[in-house]
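Have a look at the structure below, then the notes.
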Number of protein chains: 2
Amino acid sequence: MVGKVDSTLSKGLSILEALAAEPKGIGVSELARNLELTKSNTFRLLQTLIAVGYVTQDANKQYFASMKTWKIGQMIMEKLDLPGLSISQMQYLSSMTGEAVYLAVLDGLSTLYIEKIESTKAVRTYTPKGGNAPIHCVATGKALLAFHYDTLREKLIDNLTLYTDKTITSIEVLDKEVDTIKAQGVAIDRGEYRAEVLSIAAPVFSANNDVIAAIGVSAPAINVSEDDIENMSRTVILAAQSLSNTLKDI
Amino acid sequence: MVGKVDSTLSKGLSILEALAAEPKGIGVSELARNLELTKSNTFRLLQTLIAVGYVTQDANKQYFASMKTWKIGQMIMEKLDLPGLSISQMQYLSSMTGEAVYLAVLDGLSTLYIEKIESTKAVRTYTPKGGNAPIHCVATGKALLAFHYDTLREKLIDNLTLYTDKTITSIEVLDKEVDTIKAQGVAIDRGEYRAEVLSIAAPVFSANNDVIAAIGVSAPAINVSEDDIENMSRTVILAAQSLSNTLKDI
DNA sequence: AACATTCGTGTCAATATACGAAACAAAAGT
DNA sequence: ACTTTTGTTTCGTATATTGACACGAATGTT
């Protein structure tokens, strides 16, 4: 009996999301139009969001997302403290490769970067902390995808967006790719999202052997030879295993 | 006509908050008891939170807050554009003191420097933008810590790393220090992280009075007399208050 | 200045919606 | 074997949420 959702709650959250995305404040009417909701409905939901502290309103009647969401988000992060637990392995990867190092978790059909260490080299591949990328064409994404494939495959079929000529857009090809990722324990993206970027990532296992994160490196493709790829893969796998082990005994 | 709130939405958000505070996952029954809600009600709200991506459930039926809230929070943070809003106050501090000026936010058990102005003087105390420092022994860190002490104290107990002979390594001493920081509205570090560096910082408050950042200066200790410290403290506090005020009316 | 649109906020009746109680199987404790 | 507690589902009902409409105040247009 899945599928039934409380519309009030989901509408309220979509308002919160809309406000978070809004660079400048926004009024009821425009907000209602954007979300295809009634003005009355939007107004009322905004009132309750204000009452519980997630939204504020300025003198010109504009509505804003408050910092409360940020605070809650921080709490979640702190409790899990994946970044804290990962930092030593990430630093290890950074020192070994000199490239940008990422820690990512699953977020719908995207990988969400929750921690990063900048490349120490001149040419940088910039992706901000808190940013995300499609799951089917970057290394961290593919590593996460491979181990959640049963729940994600179906949803992904119609969402294999093409980004470069290397991007996997056929589900059959992806099926095979997932098999090799699971077999090898590492995912490699050779310019499947950004043509000139190569990334390598491995899955991180929780205490109950769920894959909860992926750790990996990202580098300008021209910097990396095939031999380098093999070496870096081994290093990334080791770091991921190491991290998985520290998660076992928490 | 104020005060009427959509109960569905507010209950849903309280569930989200409860999950965020829960270090380990939690089941429906216990959650319902904690929040004084019906089991049916709690269950349903959880289903819709799952449907919209804010909550996940593991194999043992335990519910968790997902990273989505964190992501929304990050979005809010980014659109706030703290660096942009801070620049004038930072320049003011720079011109008044001639020393290095920092804008920092909380990042785990560290202060993360998100903006800086270099010292105009010959002798510089170098800390790069994007860099971080332990929270318990630099001024920006202590300013942030003091106003997040309830959530951070426990974690910090085993992480009071010693850097110099001035570093605070006892939680009892830190408790007192936090009290005086909150009382004075300013944090001072006299060589607690780098022996020869002195730093002064004050908290920056958001529209709803959360401390979301700290602004401060950092200087070679030999440059600074006790009188200077007092003067600079006042200047830093003023700059921080000024910044807080501009945040009020956005 | 007069007019026409927008805006944010209230009102209110209708009904769709979220609600609690009870029941369920499965698991955990005893 | 028995009892309690778990997560989940069903269901009839009441109530809380809803959308249409109204309103004055801004804002824009002529």
Side-chain angles (χ1 to χ4, degrees), chain A residues 1-20 22-66 151 206-210, chain B residues 1-66 207 249-250:
Chain A
M1 186 75 331
V2 78
K4 209 72 205 84
V5 299
D6 275 331
S7 72
T8 305
L9 177 52
S10 88
K11 285 179 198 167
L13 290 169
S14 69
I15 287 184
L16 193 60
E17 291 173 36
L19 287 180
E22 205 62 40
K24 189 62 192 152
I26 186 173
V28 230
S29 299
E30 190 181 352
L31 192 55
R33 256 182 273 115
N34 292 350
L35 299 177
E36 296 178 332
L37 293 175
T38 319
K39 213 165 46 152
S40 321
N41 200 352
T42 309
F43 179 72
R44 194 199 240 282
L45 292 169
L46 281 170
Q47 296 310 311
T48 96
L49 285 172
I50 290 175
V52 292
Y54 285 84
V55 169
T56 53
Q57 191 178 200
D58 69 3
N60 330 324
K61 313 288 188 182
Q62 299 292 99
Y63 293 93
F64 295 83
S66 77
T151 62
S206 73
N208 31 301
N209 282 323
D210 293 324
Chain B
M1 184 75 323
V2 79
K4 208 73 204 82
V5 301
D6 275 328
S7 71
T8 304
L9 177 52
S10 87
K11 283 181 201 168
L13 290 170
S14 69
I15 287 185
L16 194 60
E17 291 173 34
L19 286 181
E22 206 62 40
K24 189 62 191 152
I26 185 174
V28 229
S29 300
E30 190 181 352
L31 191 55
R33 256 183 271 115
N34 292 349
L35 298 177
E36 297 178 332
L37 293 175
T38 318
K39 213 165 43 154
S40 323
N41 201 353
T42 309
F43 180 74
R44 248 174 72 131
L45 292 169
L46 281 169
Q47 295 309 310
T48 97
L49 285 171
I50 290 175
V52 293
Y54 286 85
V55 169
T56 54
Q57 192 178 198
D58 71 3
N60 330 324
K61 313 287 188 182
Q62 298 293 98
Y63 293 93
F64 295 83
S66 79
D249 37 45
I250 292 191

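A note on names: the letters A, B, ... follow the listed sequences, proteins ahead of strands, and every chain is numbered from 1. Keep in mind it's a predicted model, so treat the numbers as computed, not measured.
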Query raised in the report: Touch check for A:Q62, heavy atoms < 4.0 angstrom, all strands: base, sugar-phosphate only, or nothing?
Result: nothing
Query - Interatomic distance where CG belongs to B:L37 and P belongs to D:dG7 [whole Å] - result: 15 Å
Query - Residue mapping more 5' on DNA chain C - nearest nucleotide basis, A:S29 or A:D6 - result: A:S29
Query raised in the report: Taking the side chain as C-beta and beyond, is there a heavy-atom pair between B:Y63 and B:I50 under 4.5 Å?
Result: yes
Report summary line: In short, A:T42 meets A:A32 closest at the heavy-atom pair OG1-CB, 3.3 Å
Query - Sub-4.5 Å side-chain heavy-atom contact between A:T8 and A:T48 - result: no
Query - Short side-chain N/O contact to C:dT9 OP1/OP2 from A:Y63, under 4.0 Å - result: yes
Report summary line: With the side chain defined as heavy atoms from C-beta on, A:K39 is closest, among C:dT9, D:dG19, D:dG7, to C:dT9
Query - Nearest-Å distance for atom pair CG/C1', residues A:L45 and D:dT18 - result: 10 Å
Query raised in the report: Between B:N41 (CG) and D:dA14 (P), how many Å, whole number?
Result: 18 Å
Query raised in the report: Once you round it to whole Å, what is the distance between C1' of C:dT6 and CD of A:E30?
Result: 12 Å
Query raised in the report: So does A:S40 reach the base of D:dA20 with its side chain, donor to acceptor, closer than 3.5 Å?
Result: yes
Query raised in the report: Would you call A:V52 and B:V5 a side-chain contact if the rule is heavy atoms closer than 4.5 Å?
Result: no
Query raised in the report: Expressed in angstrom and rounded to an integer, what is the separation of B:F43 atom CZ from C:dA18 atom P?
Result: 15 Å
Requested in this report: State whether B:K11 places a side-chain N or O below 4.0 Å from either non-bridging phosphate oxygen (OP1 or OP2) of C:dC19.
Outcome: yes
Requested in this report: Look at the side-chain N and O atoms of B:T8 and state whether any lies under 4.0 Å from the OP1 or OP2 oxygen of D:dT17.
Outcome: yes
Query raised in the report: Could you give the NZ-to-C1' distance, from B:K61 to D:dT9, as a whole number of Å?
Result: 13 Å
Report task. Would you mind telling me which of C:dT9, D:dT8, C:dA18 lies closest to the side-chain atoms of A:S7? Result -> C:dA18
Report task. Using atom CD1 of A:I15 as one end and atom C1' of D:dT18 as the other, report the distance to the nearest whole Å. Result -> 13 Å
Query raised in the report: Within the structure, does a side-chain N or O atom of A:R33 lie under 4.0 Å from either OP1 or OP2 of C:dC7?
Result: yes
Report task. Round to the nearest Å and state the distance from B:L9 atom CG to C:dA18 atom P. Result -> 11 Å
Requested in this report: Go through C:dT6, C:dT9, D:dT8 for me and flag the one nearest to the A:Q47 side chain.
Outcome: C:dT9
Report task. Pick out which of B:L13, B:I15, B:L19, B:L16 makes a side chain to side chain contact (heavy atoms under 4.5 Å, CB included) with B:Y54. Result -> B:L16
Query raised in the report: Considering heavy-atom distances to DNA chain D, does B:R44 or B:G27 have its closest nucleotide positioned more toward the 5' end?
Result: B:G27
